Amino acid sequence: VQLQASGGGLVQAGGSTRLSCTASRRAYSNYAMGWFRQAPGKEREFVAAISWSGDRIDYGDSARGRFTISRDNAKNTIYLQMNSLTPEDTAVYFCVEDRNWVMVQRGPAEWGQGTQVTVSS
């Protein structure tokens, strides 16, 4: 499977942006998907995850209340709406997926190439 992320770029503090991630696969699959991020000099951090059906959603502490994850299974795509951005949100954002709900939040099997989000003050 390939995970292709898009969106992001340069955003002003207080602004919003939306990331998308499309998974390419041959057959209908039951995967949880999500987002991690990595800021310069820091470890990768869990941002958000959503189950295949969308009935389970979880957020990392930094994302809760500001970010919203959603998915469109018809398009094999997930989205991350990010609001009230601060310079501390500057990072490379990685799309991830795993068949296991716990693992998608801790150590996903599949990682996309990442997309840069830079928040200017």
Side-chain angles (χ1 to χ4, degrees):
V1 63
Q2 288 184 328
L3 302 173
Q4 184 66 45
S6 61
L10 180 62
V11 186
Q12 286 190 336
S16 300
T17 193
R18 189 177 79 158
L19 306 182
S20 301
C21 176
T22 299
S24 61
R25 58 174 61 90
R26 296 181 180 180
Y28 189 80
S29 301
N30 185 353
Y31 282 85
M33 296 183 70
W35 297 92
F36 275 68
R37 71 184 185 183
Q38 187 168 24
K42 295 186 178 180
E43 295 185 353
R44 286 184 178 180
E45 173 189 15
F46 168 70
V47 176
I50 185 168
S51 63
W52 174 256
S53 63
D55 62 340
R56 287 186 289 183
I57 289 175
D58 201 8
Y59 296 97
D61 290 340
S62 61
R64 194 170 289 114
R66 300 186 300 128
F67 296 0
T68 301
I69 189 171
S70 60
R71 70 187 296 162
D72 183 344
N73 288 340
K75 298 180 180 179
N76 281 338
T77 299
I78 64 168
Y79 306 94
L80 184 68
Q81 177 66 42
M82 302 190 292
N83 300 327
S84 302
L85 289 164
T86 73
E88 287 68 38
D89 294 313
T90 295
V92 177
Y93 285 72
F94 297 91
C95 177
V96 299
E97 75 167 28
D98 198 286
R99 298 195 71 171
N100 183 278
W101 176 244
V102 173
M103 291 307 297
V104 79
Q105 301 176 64
R106 295 184 180 180
E110 302 290 341
W111 292 75
Q113 87 287 1
T115 186
Q116 177 71 44
V117 174
T118 302
V119 183
S120 62
S121 59

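Everything quoted here is computed from the prediction, not taken from an experiment.
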Under 3.5 Å, which donor-acceptor pairs do the side chains of residues 6-20 form with other protein atoms, sequence neighbours left out?
from : atom 1 : to  : atom 2 : distance (Å)
S16  : OG     : N83 : OD1    : 2.9

Applying the 4.5 Å side-chain criterion to the ILVMFWY set and letting contacts propagate, would L80 and V104 be lumped into a single cluster? no

Holding to side chain to side chain contact (heavy atoms under 4.5 Å, CB included), I want the full list of residues that pass it with T68, two or more places apart in sequence or in another chain. Y59, Q81

Residues passing the side-chain hydrogen bond (donor to acceptor under 3.5 Å, both in side chains) test with D61, sequence neighbours excluded, are R64

Taking all heavy atoms of S62 and all of E45, pick out the closest pair and write down the distance. OG-OE2, 2.9 Å

Residue pairs fulfilling salt bridge (Lys or Arg N to Asp or Glu O under 4.0 Å) with at least one residue in residues 78-89, sequence neighbours excluded: R37-D89, R66-D89

Scan residues 45-79 for pairs that pass disulfide bond (SG atoms under 2.5 Å apart), counting only residues two or more places apart or in two chains. none

Ring pair (Phe, Tyr, Trp, His ring centres under 6.0 Å) partners of residues 30-50, not counting sequence neighbours, each pair once: F36-F46, F36-W111

Provide the closest heavy-atom pair for F94 versus Q113 in the form atom of the first, atom of the second, distance. CE2-O, 3.7 Å

From I78 atom CD1 to L3 atom CG, the distance as rounded to the nearest 0.5 Å: 8.0 Å

Who pairs with T22 by side-chain hydrogen bond (donor to acceptor under 3.5 Å, both in side chains), at least two apart in sequence or on another chain? T77

Can you name the residues that form a side chain to side chain contact (heavy atoms under 4.5 Å, CB included) with S53, not counting sequence neighbours? S51, D55

Can you run down the disulfide bond (SG atoms under 2.5 Å apart) pairs that involve residues 68-121, sequence neighbours left out, and say none if there aren't any? C21-C95

Who pairs with Q116 by side chain to side chain contact (heavy atoms under 4.5 Å, CB included), at least two apart in sequence or on another chain? T90, V92, T118

Apart from Y79 itself, which Ile, Leu, Val, Met, Phe, Trp or Tyr residues share its cluster (side-chain heavy atoms under 4.5 Å, direct or through members)? none

Tell me which pairs pass salt bridge (Lys or Arg N to Asp or Glu O under 4.0 Å) where either residue lies in residues 92-113, with sequence neighbours left out. R25-E97

Any chain of hydrophobic side-chain contacts (each under 4.5 Å) joining I57 to M33? yes

d(R56 CZ, W101 CH2) to nearest 0.5 Å is 6.0 Å

Of the non-hydrogen atoms in L85 and M82, which two are nearest, and what is the gap between them? CD2-CB, 3.8 Å

